2 protein chains.
Amino acid sequence: MGLRELKKERTRLSILDAALDLFLEQGYESTTVEQIAGAVEISPRTFFRYFTSKDHLVLWFHDHGEGIMLETLRSVPSDEPPFTALMHAVRAVLSDMQGSTPADAQRFLKLRRLLEEHPHLVGLSVARGADTERRMAELIAARRGTDPDQDQLCHLIVAFAMSTMRVGFECPRRDGTVTEIIDRMRETIALAERSLRPGWDL
Amino acid sequence: MGLRELKKERTRLSILDAALDLFLEQGYESTTVEQIAGAVEISPRTFFRYFTSKDHLVLWFHDHGEGIMLETLRSVPSDEPPFTALMHAVRAVLSDMQGSTPADAQRFLKLRRLLEEHPHLVGLSVARGADTERRMAELIAARRGTDPDQDQLCHLIVAFAMSTMRVGFECPRRDGTVTEIIDRMRETIALAERSLRPGWDL
DNA sequence: TGCAATCTGTCATCCACTGACATAAATTAC
DNA sequence: GTAATTTATGTCAGTGGATGACAGATTGCA
């Protein structure tokens with residue numbers, strides 16, 4: 001990786017950190033892009049070259065997780081039932097979190113606090129989730145050898161899987177460590193698996 | 001109802017209709033609020049007194065449906081299992097659609113076409129859905145006599161129910177009549193009920 | 001008819017976001 | 001090491017969504 005890419009990644013994280021801190025300090029709405037840019041000494045125009053929008057700052061984790069999930073989905077043996085495969089994908093995200101640097105863990109926890117204090121921001125995440133679901137439904141349909149337009153079940157499978165994930169990540173009132181969150185997520189997965197009729201997703 | 005409220009409702013619908021037509025004609029992004037306001041001969045400022053934002057135009061159906069669902073949820077006997085109660089609420093929305101005026105049906109179909117052509121607008125709807133889910137989870141928790149912060153299952157129940165609804169309304173490639181959509185939705189409900197383990201939501 | 005409440009338009013302003021262009025920096029080729 | 005190329009950054013000007021303040025018009029009611 002060249003010096004250029006390295007520096008780019010560093011400013012990218014600087015922007016993210018500065019923004020998270022500002023948001024938590026003075027609120028999301030009342031923080032302007034100009035302020036964020038000022039904090040990392042770049043022009044507002046440059047900010048938009050790193051993040052397509054102010055909202056995008058909040059979506060970095062979602063994007064990261066989506067990448068891992070899609071990747072996992074493609075690599076998981078195709079004789080596994082779809083929902084099981086999706087739960088594998090979710091667990092892959094958890095593994096990634098477990099192996100993340102302390103700095104990344106900090107960012108994740110800050111993001112969670114932010115979402116807790118500004119519930120309407122959760123909407124941004126689930127909005128992008130709609131996109132993610134469409135992509136996943138295609139993969140699942142391919143797995144099932146069906147046409148996503150005809151096959152309602154593939155959409156339902158994906159929707160249930162993402163619901164499970166979302167519920168698992170939902171903010172418990174007192175925020176814990178990353179490990180606690182991962183444990184909670186595992187419980188939720190178990191709960192979902194218990195709730196579904198065996199073989200429903202075949 | 002006074003003359004004032006009547007007139008207000010009429011302009012409200014005029015704005016909505018003009019907007020839907022413009023969106024379908026020339027796209028969502030490339031239609032400005034100024035154009036919409038111009039089409040119904042009001043000032044842009046007044047537009048924002050009828051709809052809190054441009055996006056809000058797309059959410060009128062969601063808001064309407066949410067109202068019906070919450071209302072139904074409160075009136076349904078509390079010895080019914082939560083998921084069953086939620087499916088009743090969904091069916092109440094379908095009944096309302098069945099009894100709607102032709103004009104309303106037209107609006108609904110136009111909205112669907114719009115969402116089909118601009119998938120990213122679906123995000124707006126599911127974003128608001130996150131809000132809706134939180135409110136519903138409280139009702140379900142109350143029903144179950146639990147604290148929504150502790151009880152993961154109540155969130156899962158609501159999330160699964162809303163997923164079912166969303167999948168049911170998802171655009172099939174060729175758009176049909178309102179009746180066809182309602183039938184499709186009923187199938188989806190049946191599919192979801194078949195997928196869940198009996199008694200999972202108790 | 002006249003008073004009070006409410007609706008509307010105008011104006012000024014903020015902020016997110018984008019295209020165009022010039023400059024500065026890093027990468028590559030020689 | 002320097003020149004040429006590619007890419008990142010800043011400046012500037014502009015668009016469009018959204019909000020507060022105020023004045024004038026409209027409606028509802030006594």
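The shown structure was predicted, so the numbers you read here are calculated from the model rather than taken from an experiment. Reminder, nothing fancy here: chain letters follow the sequence lines and each chain counts from 1.
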Salt bridge (charged side-chain N to carboxylate O under 4.0 Å, His left out) between B/Glu133 and A/Arg166, intermediate numbers included
CA-CA 12 Å; B/Glu133 288 193 25; A/Arg166 202 149 33 77; 3.5 Å; yes

Calculate the interatomic distance between A/Glu5 atom CD and C/dA25 atom P; express it in whole Å.
19 Å

Would a distance-only check, ignoring hydrogens and angles, find a side-chain to backbone donor-acceptor pair under 3.5 Å from B/Arg184 to B/Phe169?
no

Between the protein and nucleotides 2-7 of chain D, which nitrogen or oxygen pairs are less than 3.5 angstrom apart?
residue : atom : partner : partner atom : Å
D/dT7   : O2   : A/Arg4  : NH2          : 3.4

Under 3.5 Å: donor-acceptor pair, side chain of A/Ser125, backbone of A/Leu121
no

Output yes when at least one side-chain N/O atom of B/Lys7 is less than 4.0 Å from OP1 or OP2 of D/dT27, else no.
yes

Mind checking B/Tyr50 for me? I need base, sugar-phosphate or nothing, with any heavy atom below 4.0 Å counting as a touch.
sugar-phosphate

With distance as the sole test, does A/Lys110 use its side chain to make a donor-acceptor pair with the main-chain N or O of A/Leu24 at under 3.5 Å?
no

DNA chain C-proximal residues of residues 18-40 of chain B, any heavy atom under 4.0 Å
none

Presence of donor-acceptor pair under 3.5 Å, side chain of A/Arg49 and base of D/dG10
yes

Quick one: does any side-chain atom of A/Gln35 pair with a main-chain N or O of A/Thr32 as donor and acceptor, under 3.5 Å?
yes

Separation of atom CZ in A/Phe48 from atom C1' in D/dG16, rounded to whole Å
13 Å

Ring-face cation of B/Arg12 near B/Phe51 (centre distance under 6.0 Å, axis angle within 45°):
yes

Using whole Å, report how far NE2 of B/His56 lies from P of D/dT19.
12 Å

Side-chain H-bond candidate by donor/acceptor type, A/Thr132 with A/His62, under 3.5 Å:
yes

With salt bridge (charged side-chain N to carboxylate O under 4.0 Å, His left out) as the criterion, how do B/Asp131 and B/Arg128 come out once you've worked through the C-alpha distance, each side chain's angles and the decisive distance to 0.1 Å?
CA-CA 5 Å; B/Asp131 257 46; B/Arg128 177 148 317 192; over 6 Å; no

For B/Lys54 and D/dT15, give me the distance from atom NZ to atom C1', rounded to whole Å.
12 Å

Closest nucleotide among D/dT19, C/dT18, C/dT8 to the A/Arg45 side chain
C/dT18

With distance as the sole test, does A/His155 use its side chain to make a donor-acceptor pair with the main-chain N or O of A/Pro148 at under 3.5 Å?
yes

Assuming nearest nucleotide by heavy-atom distance, tell me which of B/Glu41 and A/Thr52 is located more 5' along DNA chain C.
B/Glu41

In whole Å, I'd like the distance from the CZ atom of B/Phe47 to the P atom of D/dT19.
11 Å

Can you tell me how far P of D/dT11 sits from CD1 of A/Ile42, to the nearest Å?
12 Å

Atom CZ of B/Arg12 to atom C1' of C/dC7: distance rounded to whole Å?
15 Å

For atom CZ of A/Phe51 and atom P of D/dT9, their distance in whole Å
12 Å

At under 4.0 Å, does any side-chain N or O of B/Ser43 touch on OP1 or OP2 of C/dT8?
no

